[in-house]
Enquirer: 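If you scroll down you'll find the structure; I have some questions about it.
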Amino acid sequence: MYIEPDLLAELNEEQKQILFYKIREEQVRRWNERERRDPSHAVKKKSDRRGIQWLLGSDGEVWVWVMGEAPGDKPFEDIVEELMEERARKQAQREAQELR
């Protein structure tokens with residue numbers, strides 16, 4: 001559905017909200033009507049949906065690892081610095097190749 005921008009600009013916020021609500025109702029009504037007329041257009045639901053399964057810690061809560069805080073981890077600042085240096089090195093190599 002389309003509303004002229006000039007007309008929309010003349011409405012206050014409450015009127016805009018009512019208009020958008022009514023437009024959405026009309027969209028849903030048309031969708032349901034189309035599905036009733038032609039069920040082949042209906043959205044087919046997958047039975048084998050993928051999902052997320054979180055690892056749980058010994059306390060039963062979601063297990064969380066914070067970079068740089070586990071024993072043997074590099075501090076976060078060092079990790080970021082290494083990534084920035086690597087990106088700068090790759091960019092310098094690309095620029096050198098373009099100059100050749």
Enquirer: Just so I know, are the side chains of Glu81 and Glu85 near enough to count as touching, which here means a heavy-atom distance under 4.5 Å?
Expert: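 Counting from C-beta outward, Glu81 and Glu85 do come under 4.5 Å.
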Enquirer: Are Glu26 and Lys22 packed together at the side-chain level, in the sense that at least one heavy-atom pair is separated by less than 4.5 angstrom?
Expert: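 No; the side chains remain at least 4.5 Å from each other.
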Enquirer: Given Arg37 and Glu33, is the salt bridge (charged side-chain N to carboxylate O under 4.0 Å, His left out) satisfied, shown in steps?
Expert: CA-CA 6 Å; Arg37 276 186 283 136; Glu33 184 179 305; 3.8 Å; yes
Enquirer: To the nearest 0.5 Å, tell me how far Glu86 CD sits from Arg89 CZ.
Expert: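 Reported value, rounded in 0.5 Å steps: 4.0 Å.
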Enquirer: Heavy-atom distance under 4.5 Å between the side chains of Gln15 and Ile18, does that happen here?
Expert: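 With C-beta onward as the side chain, the pair stays apart.
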Enquirer: Do Leu8 and Lys16 have side chains that get closer than 4.5 Å, going by heavy atoms?
Expert: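 Side chain of Leu8 against side chain of Lys16, heavy atoms only: contact under 4.5 Å found.
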Enquirer: Evaluate the side-chain proximity of Ile23 to Ile3: yes if any heavy-atom separation is below 4.5 Å, no if none is.
Expert: yes
Enquirer: Any sub-3.5 Å donor-acceptor pair from Glu10's side-chain atoms to Leu7's backbone N or O?
Expert: no
Enquirer: Rounded to the nearest 0.5 Å, what separates atom CD in Glu25 from atom CZ in Arg29?
Expert: 10.5 Å
Enquirer: Would you say Ile52 has more than 12 foreign heavy atoms packed within less than 6.0 Å of its CD1?
Expert: no
Enquirer: Strictly by modelled atom types, are Glu95 and Gln91 linked by a side-chain donor-acceptor pair under 3.5 Å?
Expert: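 Their side chains do contain a donor-acceptor pair, which is all the 3.5 Å distance test asks for.
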Enquirer: Taking the side chain as C-beta and beyond, is there a heavy-atom pair between Val28 and Arg24 under 4.5 Å?
Expert: yes
Enquirer: Any chance you could lay out the side chain to side chain contact (heavy atoms under 4.5 Å, CB included) test for Leu19 and Leu11, step after step, and finish with the verdict?
Expert: CA-CA 9 Å; Leu19 176 64; Leu11 300 176; 3.9 Å; yes
Enquirer: Do you see a donor-acceptor pair shorter than 3.5 Å between the side chains of Trp31 and Gln27?
Expert: no
Enquirer: Do Glu82 and Lys74 have side chains that get closer than 4.5 Å, going by heavy atoms?
Expert: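 Glu82 reaches Lys74 side chain to side chain.
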